[in-house]
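Below: the structure, in structure tokens.
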Amino acid sequence: MQNFNINQKKAVEFSGKHLLVLAGAGTGKTKTIIGRASYLIDRGTDAGKIQILTFTKRAANEIVERVKSSISSSTTANLRGATFHSWCSQLITKFPNLFGASSFTVIDPDDQIGAMKIICGNYVKEYKAVRLKPQQLIDIYSFARNTKKSLTETLRSKVFKGKTDNDTNEEILQIKPYIEILLKAYQNKKMQSRYLDYDDLLLVVANRLQKDVQARDILAAHYEHILIDEMQDTNPLQWDLIKPFISMSCLFCVGDDAQSIYSFRGADFKNVHLFSERVPGSEVQVLDKNYRSTQYILDVSNWLLQTSPIDYNKQLISARELGEKPELINVESQWEEANYISERILGNFTEGNKTFSDHLILSRSQYYTKPLQAVFIQKKIPYVTYGGRKFMESAHIKDVVSLLRVVNNPYDEIAWIRFLTFWEGIGEIRASKFVKDIISCLHHDNLADQLPHIIGGQDGSRLGDLFSAVLDKQGDVRAAVKMAYEEMSLNLAYKYRKDWNEKRKADFPVLEILAGNYASLGEFISEGVLENSKQLNGTPVLESSKLTTEDHKDHVIISTVHSAKGLEADTCFVLNVSPKVYPSAWNLDDNDEIEEDRRVLYVALTRAKNELIITRDTSSINAFHNTINDTGEDKEITSSYFLEELPMSLVHQKNVQKHNSRGADIERPNDIDLSMGMDFN
DNA sequence: CCCCCGTGCATTTTT
DNA sequence: TGCACGGGGG
């Protein structure tokens, strides 16, 4: 077994029932959870009775893989790691008589919004009255269910920023009935189409376990130990899911309140503090020695937390050397930032003896990394992105999957619309009419027979044949995918003619291979949408360990901070740490949101092992200072930019001047040097 | 009436 | 990148 320090060892070999491990950044959180699983298996626990729960598929896979490689025997074969969502999805499939949901379709957020759009089209009066976009309505619905808050409370915090004045109350009262109508219509649509959205997966399981003691006992008997990563990110709904296991299973939860960055999904960092209260007889183990970063990097991170009004009571002490001071780089544009970073990376690669994978680039948002990706492609720096569009969410894949979906679940209205409008000459209006007829036909007739008549004409016989052909291949998922792609490829080429490139085409063989891993269409569709993916130079690549094509290549990682939890790298760039970004301009009037943004930055800073490079935009710094001078209210405003009062002794600051054009790599001297030719000695 | 395509726009964070 | 919008064409 690996070498653990005293506290890690206490956690790994804990002999009580429930344990909360409070572990600061870089203190060996993942190592401890892996050590715990290995220890339990070593001591004879059946690996199949250990469930590891995480928030990302990547974290789950990594933990399971590392446990497996730490124990040589085959006793780990049954060890399972999953996200909360995929775990629930598996439970629903595995115990159909417990949950009563069969032949359902798991819909992703895109489809949720699609469904809500249909609703808004049907309820124009209500939709106009609420003045919220379908996206926002879905967010409200999801937030309310995740936090178990009432619609009124949810509206107050999501739409009205927590305001409690009379005008706000009035307005809430006014729009609430309309929103209720829209949300109820959405729920009905889900039932009618046999959809489960992501929240439903958790709710179906949680509700059943809460109501039915017998179901709870049956299920809990399958899980002796539940190991939960990133406990600070669990929300009330996820807590409902865990709670039923307290009496029979042992909980081992790992978390850090200072890294809680999911309040927008209903998580509350105070949850970790409540653990001892909510889980009677539980114990707490603190890990505070940081093995990841040098002390200078931790100094900046510690400073950031200290300037918060919240007392996190956290000072990370490095077990390593002082190292190099973090660098604060001021750039004049996003292109320079991208150029500067790519030059640093290429320098480290050619002269610094570092690999591309020693570099991690962190951004607040997806969107912001676009120019950087463009420069990387131009300079041929290999990279992958984390947190990008998922493989199964890309448009051309969804087109093909829509056919599989309607075969699997003919009530799947969104898939029907996508499948029907895929063909030339069929638009949304005709498609919705067809769908109506299709659904009503399902009650009394055989759809495969009726489909040609419903659609009519040439399209009718063509699509009818296609539907029947895939229906025949239902038992062989891979063959069904192949068939669907072959029949649709001509139209795919037409639909995406502008960018129907090799990369897109190459996705379909991948889809086939992926399909081969599932026993039924239904499993493929519901598990497949939850399957995470990453992108290699802009193209989605499956992360599944079954596909190893590009996996071992050396590449830089570009990630959002949210997707980077648990990651670490020798050199870490934190992009655009400018005013209005940290904290975000959206959040300036909400203290809780400001503090969450602070934690986001904290997570970013603590990823670096040896080199931390923070970039920020010169012009927005200047604009920020001008506002302070204009208003004179510096107190409020300075608190709204985290780095404003950063002691310069903690970093090395440097200005990077203009490159002469976008993405060009011609070096220009930083300034004319007027001191030349003079020797002051 | 319905479909298609060009243009202009704004874009937090995730399962 | 994906969207809402408007005009041209079937």
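Since the structure is predicted, the reported quantities are computational estimates derived from the model, not experimental observations. Proteins come first, then strands; the chains are lettered A, B, ... in the order of their sequence lines, and each starts at number 1.
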Go through the N and O atoms of the side chain of Tyr367(A) and the base of dT11(B), and report whether any donor-acceptor pair is under 3.5 Å.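 It does, because a donor-acceptor pair links the side chain of Tyr367(A) to the base of dT11(B) below 3.5 Å.
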
Of the nucleotides [options], which has the atom closest to the [X] side chain?
| X | options | answer |
| --- | --- | --- |
| Lys117(A) | dC3(C), dC3(B), dT15(B) | dC3(C) |
| Ser365(A) | dT15(B), dT13(B), dC2(B) | dT13(B) |
| Arg364(A) | dT13(B), dT15(B), dC3(C) | dT13(B) |
| Lys370(A) | dT14(B), dT1(C), dC2(B) | dT1(C) |

Just checking [X]: base, sugar-phosphate only, or nothing, at a heavy-atom cut-off of under 4.0 Å?
| X | value |
| --- | --- |
| Tyr262(A) | sugar-phosphate |
| Phe55(A) | sugar-phosphate |
| Glu424(A) | sugar-phosphate |
| Lys580(A) | nothing |
| Thr83(A) | sugar-phosphate |

Using whole Å, report how far [atom1] of [X] lies from [atom2] of [N].
| X | N | atom1 | atom2 | value |
| --- | --- | --- | --- | --- |
| Arg430(A) | dG10(C) | CZ | P | 17 Å |
| Leu362(A) | dT12(B) | CG | C1' | 15 Å |
| Asp233(A) | dT15(B) | CG | C1' | 12 Å |
| Lys158(A) | dT12(B) | NZ | P | 12 Å |
| Lys495(A) | dG2(C) | NZ | C1' | 12 Å |
| Asn491(A) | dC4(B) | CG | C1' | 14 Å |
| Glu230(A) | dT15(B) | CD | C1' | 14 Å |

Do we see Phe264(A) stacking on the base of dT13(B), given a limit of 5.5 Å between centres and 30° between planes? yes

Any side-chain to backbone donor/acceptor pair from His396(A) onto Leu492(A)? Under 3.5 Å, distance only. no

Between Glu428(A) and Ser584(A), which residue's closest nucleotide on DNA chain B lies nearer the 5′ terminus?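 By nearest-heavy-atom nucleotide position, the 5'-most residue is Glu428(A).
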
Quick one: on DNA chain B, does Glu596(A) or Thr421(A) contact a more 5' nucleotide (nearest heavy atom)? Thr421(A)

If every non-hydrogen atom of Val574(A) is compared with every non-hydrogen atom of Ala604(A), which pair is closest and at what distance? CG1-CB, 3.9 Å

Ring center gap for His359(A) and Tyr383(A) short of 6.0 angstrom: no

Going by an N to O cut-off under 4.0 Å, is there a salt bridge joining Asp200(A) and Lys190(A)? yes

N-O pairing of Arg156(A) and Glu153(A) below 4.0 Å: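 A salt bridge is absent here (no side-chain N lies under 4.0 Å from a carboxylate O).
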
